[in-house]
Amino acid sequence: MSGDRLDYYKTIDPTKAKKLQQELRQQISLEPLADEPQFVAGADISFNQGSNLMHAGIIILGLPDLNIVARSTVSDKTSFPYIPGLLAFRELPILLKAWDQLEQKPDVLILDGHGIAHPRRMGIATHLGIEIEHPTIGCAKNILTGSHDELSSQKGERVPLIDGSETVGMALRSRTNVNPVYVSPGHRLSSDDAYSVVMKCLTKYKLPRTTRLAHKWANKLRRGEAEEGYFKN
DNA sequence: GCGACAG
DNA sequence: ATCTTGTCGC
């Protein structure tokens, strides 16, 4: 990612942002994964309310053991406000910094937010996937757009998330008797790939281990309990 | 016009 | 997203 590209994100406004989403959506690929993923990563952001100082964490885990392989943490200011549908413009710059810092890239990256389950099919997972040209998955705790039928309460159950006439993802019961998470392909993988990869990252909690660990380190950084940088295990 | 609305 | 203690239920 060039510095010019990052500068562009810092000067863009909501109107231009939506136009860019309409342009970039032409590049979305939902082709199935070619190989079985060996390394999965999770990314998350943490910040204090009212502050524009963001803290990002990306954690790479090995499959199928989910052991920690590496970690990247970065703190930086954001210049874009939180606007539903335009989350990527607020968090992409810092996530790109954290991504570039990784010495080895994972096969798939899971984001806290949506993939194509977005009004213009350009959620943060899809947008980031296109920027880094890597497979990504959106795993959100709440719906942005679309609806779905009732879902069985057992872990592993799923129902399509429908927006208009399109299936944009799924509601997934990631843990028995707990509200579902919303999974959608971001880029360079299919909806079934997204399901299988997220399932592999589930342990005893609602959120995948990737997201949980990324959240943990982003928070440690925010509280000054962790150092910024790249760490290999 | 009204309500909904990832993090 | 973040601020926070106890408490109900599988």
* Asked: Is there a side-chain hydrogen bond (donor to acceptor under 3.5 Å, both in side chains) between A:Glu228 and A:Thr73 once you walk through the steps?
  -> CA-CA 5 Å; A:Glu228 196 175 328; A:Thr73 44; over 6 Å; no
* Give the C-alpha distance, both sets of side-chain angles, the deciding distance and a yes or no for side-chain hydrogen bond (donor to acceptor under 3.5 Å, both in side chains) between A:Glu131 and A:Tyr9. => CA-CA 12 Å; A:Glu131 288 288 6; A:Tyr9 278 113; 2.3 Å; yes
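A distance-only check finds a donor-acceptor pair linking the side chain of A:Arg90 to the backbone of A:Phe80 [under 3.5 Å]. Looking only at distances, no side-chain donor or acceptor of A:Ser75 sits under 3.5 Å from a matching main-chain atom of A:His55.
Checked for salt-bridge contact, A:Lys19 and A:Asp13 miss the test: no charged N lies under 4.0 Å from a carboxylate O. In this structure, A:Asp163 pairs ionically with A:Arg121, as a charged nitrogen and a carboxylate oxygen lie closer than 4.0 Å.
In this structure, a donor-acceptor pair under 3.5 Å is present between the side chains of A:Ser190 and A:Asp193. Neither side chain, A:Thr78 nor A:Asn52, offers a donor N or O lying under 3.5 Å from an acceptor on the other. For the residue pair A:Asn219 / A:Ser46, a side-chain donor-acceptor distance below 3.5 Å is found, with atom types taken as modelled.
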* **Base-contact (B) and sugar-phosphate-only (S) positions in nucleotides 1-7 of chain B, heavy-atom cut-off under 4.0 Å, - elsewhere** => ----BBB
* Structure fact -> Going 5' to 3' through nucleotides 4-10 of chain C and flagging B where a protein heavy-atom sits under 4.0 Å of the base, S where only the sugar-phosphate is that close, and - otherwise, we get ------S
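Within the model, atoms CG of A:Leu20 and OG1 of A:Thr15 stand 12.5 Å from one another, a figure rounded to the nearest 0.5 Å.
In this structure, A:Arg222 reaches the sugar-phosphate backbone alone: every heavy-atom distance under 4.0 Å involves primed, P, OP1 or OP2 atoms, never a base. In this structure, A:His55 reaches neither bases nor backbone, as no heavy-atom distance under 4.0 Å exists between it and the strands shown.
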* Under a 3.5 Å cutoff on both atom distances, Watson-Crick or G-U, what's the dot-bracket for DNA chain B ([ ] crossing, | other strand)? -> .......
